[in-house]
Amino acid sequence: MYLEKELIASIQLFLDSKFNLKVLESEIKLLSTKKNFKGDLTFASFSLINKLRLKPEDISKILGDHLKENCDFILDYNIVGGFLNLIFKDSYLVNNLLKFDSTKTKSINNNSIVIIEFPSPNTNKPLHLGHLRNMFLGMSIGNILEYAGYKVKKVNLVNDRGIHICKSMVAYKKFGNNETPDSDKIKGDHFVGKYYVKFDQELKKELSDLNSKNLEDSKLIKEAKEMLLKWEEGDNDVRKLWVKMNDWVYKGFNETFKKLNIQIDKTYYESDTYLLGKEIIKEGLTKNIFYKKEDGSVWIDLSDVGLDDKLLLRADGTSVYITQDIGTADKRFEDFKFNKSIYIVGNEQDYHFKVLFSIMRKLGRAFANDMYHLSYGMVDLPSGKMKSREGTVVDADNLIDEMINTAKFHTNELGKIDNFSIEEARKLYEQIGIGALKYFLLKIDPKKRMLFDPKASIDFHGDTGPFIQYTYARIFNLLEKAKSLNIDYLNLKENLDIKIEESEREIILHINTFIKNLKEAINNYSPAFICHYVFNLSKLFNKLYGEKNFLKEKNESLKSFRLLLAYKVAELIKINLKLLGIECPNRM
RNA sequence: GCGCCUGUAGCUCAGCUGGAUAGAGCAACUGCCUUCUAAGCAGUAGGUCAAAGGUUCGAAUCCUUUCAGGCGUACCA
């Protein structure tokens with residue numbers, strides 16, 4: 001049982017027996033005692049003044065006396081301005097640690113099926129910093145939910161068709177000279193992206209030659225549009241080129257995925273799904289949920305839910321973005337019978353998803369209320385917004401390489417791994433560099449817009465991935481030494497007669513919030529909670545590590561206990577980093 | 001115009017289902033390696049929580065207004 005729960009139960013019982021007052025567990029709020037006061041947990045008695053008609057000081061006194069008297073785990077209490085600060089007995093905290101089991105999380109949820117959609121890239125250019133935030137969130141949230149017992153399926157909906165792809169294709173046809181990623185020695189997605197940029201450059205040139213700003217005047221645009229039509233007709237040559245170029249892109253993407261350990265269970269392609277949804281338009285018309293305008297276009301009126309009229313089908317019968325999203329939602333439910341479907345998509349599409357979910361609700365889809373848009377904020381640069389036209393986009397692959405190189409630089413500077421093989425060292429650089437990057441992007445509340453400062457991102461001190469990895473590595477080393485000294489810390493019996501330090505109390509109390517924090521992360525779909533938890537855990541441990549020499553402790557019981565504490569901390573660091581998709585090197 | 005989001009230390013962020021004297025990291029300054037890994041630890045300094053009202057025993061947190069910034073509001077995706 002967790003510290004808090006046992007205490008809350010005692011308080012509930014007391015209020016019931018003494019005052020005949022029944023309060024819910026959730027109504028009793030325990031705070032962790034502020035640093036400047038003595039105590040482990042604090043009860044704010046103010047919350048009961050109306051119910052008990054007593055002064056907060058009196059409530060605290062009565063409650064404190066009772067708990068001290070009757071709970072064998074409470075050592076003492078003090079009252080400051082109505083706040084009741086409770087102090088646990090050392091023995092209770094020690095026993096609590098001995099019993100702590102980090103694996104009892106699977107029962108938080110029993111096998112609900114959750115679909116997570118990400119990163120859903122376009123196939124006309126390489127991945128960038130925004131995709132990194134997206135992918136790290138997707139993977140981490142997937143890990144977190146899985147750890148809590150959910151059944152998670154990660155799906156990717158690739159935007160592999162449309163005018164933007166045709167632009168790359170036109171440019172390649174005109175200027176490609178049959179080059180390939182292999183012949184150019186460029187990663188496939190970058191190779192194709194090059195032609196997307198080329199198209200834009202040539203277009204600008206063309207328009208300035210024509211002295212026009214009107215895209216209608218451009219032959220290049222016309223060619224791209226024609227190519228799109230041919231694509232839709234299934235023109236052989238166009239399709240062949242399309243397959244070839246997309247394959248290059250996928251090969252490139254997969255390399256990046258692999259490096260970052262991004263795993264996708266199922267990939268949907270828009271070229272397969274873009275026609276979905278048209279049937280549902282008919283359904284909506286029959287049910288009079290949608291309406292047809294004179295020109296034949298189909299709309300839905302969403303004014304009753306505070307939104308506008310929305311086009312669902314063009315006058316020429318072709319579908320728009322939301323049409324296929326409606327279709328895909330149905331298909332996804334057919335495919336997975338999900339209990340929850342999470343779309344990890346940037347917040348510039350908030351309105352789109354509001355509309356989509358409203359439509360599904362109006363169509364009477366029971367799963368409509370289980371669809372959730374995890375709306376994450378944009379990643380800005382110190383120079384402002386990332387803009388592809390101004391060349392300020394941070395490329396994912398470049399950034400990854402930079403991070404790994406920085407890790408290499410620092411590691412070599414510190415000179416701690418001189419006996420590593422080249423392969424071991426390479427692996428370590430990746431673990432540290434990518435760990436730093438993931439942590440940097442995940443530690444901020446997903447909902448919030450964030451600033452990516454390259455200088456700050458490559459800092460490996462303080463609130464960073466490497467700091468936490470380092471804490472783990474030090475404990476690993478410590479435990480290895482303990483092992484070589486034949487110290488048995490894993491089979492300790494309860495009721496050790498030891499006195500623990502303030503730093504140790506803090507660690508045990510923090511360890512106890514693991515499950516609570518995990519639930520918090522789940523409820524908010526936010527890996528940031530995991531980051532904060534594991535950072536604070538590391539910090540608390542490092543404090544103790546600086547204060548005490550573990551192996552030189554004379555009291556054998558205390559020595560073993562401390563090593564067990566270290567062991568549990570390491571275990572939790574590893575678990576939590578894993579939830580973030582970050583690896584834990586044993587040495588660094 | 002309308003809708004949504006954001007505003008906390010020099011910088012980046014926690015805290016926001018109301019609780020004590022608002023916290024961390026970075027940057028700055030002081031100390032600590034004859035070593036369980038200094039990618040660490042200890043300390044100093046740094047705040048009108050954008051502003052003004054309101055609710056409350058109590059407000060960074062809830063409500064209203066104002067200001068500033070972002071995003072959206074396409075027969076684009």
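Side-chain atoms are counted along with the backbone in the values below, which use heavy atoms only and exclude waters and symmetry mates. Order of the sequence lines fixes the chain letters, A, B, ..., with proteins taken first and strands second; residue numbering starts at 1 for each chain.
Using a 4.0 Å heavy-atom cutoff across all strands shown, A:Ser375 reaches no nucleic acid atom at all. Counting any heavy atom pair closer than 4.0 Å across all strands shown, A:Asp445 reaches sugar-phosphate atoms only and no base atom. Across all strands, A:Asn586 comes closer than 4.0 Å to base atoms (heavy-atom distances). At the heavy-atom level, A:Met588 lies under 4.0 Å from base atoms of the strands shown. Contact annotation for A:Gln349: base contact, defined as any heavy-atom pair under 4.0 Å involving a base atom. Across all strands shown, A:Phe467 has heavy atoms under 4.0 Å from sugar-phosphate atoms exclusively, and none from any base.
Between B:C36 and A:Lys548, no contact under 4.0 Å exists linking OP1 or OP2 to a side-chain N or O. For the pair A:His461 and B:G40, the criterion of a side-chain N or O lying under 4.0 Å from OP1 or OP2 is met. Taking 4.0 angstrom as the limit, A:Asn549 places a side-chain polar atom (N or O) nearer than this to OP1 or OP2 of B:C36. Between B:A74 and A:Arg314, no contact under 4.0 Å exists linking OP1 or OP2 to a side-chain N or O. Between A:Lys385 and B:C71, a side-chain N or O to OP1/OP2 separation shorter than 4.0 Å is present. In terms of phosphate contacts, A:Lys481 brings a side-chain nitrogen or oxygen within less than 4.0 Å of OP1 or OP2 of B:U37. Contact between the side-chain N/O atoms of A:Lys448 and the OP1/OP2 oxygens of B:G7 is found at a separation under 4.0 Å.
Closest to the side chain of A:Phe37, out of B:C75, B:C41, B:U21, is B:U21. Residue A:Asn477 places its side chain closer to B:U37 than to any other of B:A24, B:C41, B:U37. For A:Arg474, the listed nucleotide lying nearest its side chain is B:A38; candidates were B:C13, B:C41, B:A38. The A:Asp459 side chain lies nearest to B:C26 when the options are B:C26, B:G19, B:A14. With distances taken from any side-chain atom of A:Asn159 to the nucleotides B:A14, B:G25, B:A77, the minimum falls on B:A77. The side chain of A:Glu270 has B:A77 as its nearest neighbour among B:A77, B:G40, B:C75. Looking at the side chain of A:Leu451, the nearest of the listed nucleotides B:C75, B:C13, B:G3 is B:C13.
When the options A:Phe43, A:Phe46, A:Tyr77 are evaluated for a ring-ring contact (aromatic ring centres under 6.0 Å, His included) with A:Phe83, the one that passes is A:Phe46. For the ring-ring contact (aromatic ring centres under 6.0 Å, His included) test with A:Tyr372, the passing option among A:Phe357, A:Tyr343, A:Tyr525 is A:Tyr525; the others fail.
Under the 90° criterion around 0 for the glycosidic angle, B:C11 counts as anti.
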Requested in this report: Go through the steps to decide whether A:Asp445 and A:Lys447 satisfy the test salt bridge (Lys or Arg N to Asp or Glu O under 4.0 Å), and finish with yes or no.
Outcome: CA-CA 5 Å; A:Asp445 181 350; A:Lys447 293 193 294 289; 3.7 Å; yes

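Looking at which nucleotide of RNA chain B each of A:Asp350 and A:Lys543 is closest to, the 5′-most match is held by A:Asp350.
The pair A:Arg562-A:Glu504 meets the salt-bridge criterion, with a side-chain N (NZ, NE, NH1 or NH2) lying under 4.0 Å from an Asp/Glu carboxylate O. A salt bridge between A:Arg426 and A:Glu430 is present, with a side-chain N of the basic residue lying under 4.0 Å from a carboxylate O of the acidic one.
B:C67 and B:G7 make up a base pair, with Watson-Crick or G-U wobble contacts both under 3.5 Å.
A cation-pi geometry, defined here as NZ or CZ lying under 6.0 Å from the six-membered ring centre and within 45° of its normal, holds between A:Arg474 and A:Tyr545.
Ring-to-base geometry does not place A:Phe535 in a stacked arrangement with B:A24 (centre distance under 5.5 Å, plane angle under 30° required). Remark: ring of A:Tyr351 does not overlap the six-membered base ring of B:G3 in a stacked fashion, as centroids less than 5.5 Å apart with planes less than 30° apart are not both met.
Using atom C1' as the reference point in both B:G7 and B:U66, the two lie 14 Å apart (nearest Å). Distance check on atom C1': B:G3 versus B:A20 gives 39 Å, rounded to whole Å.
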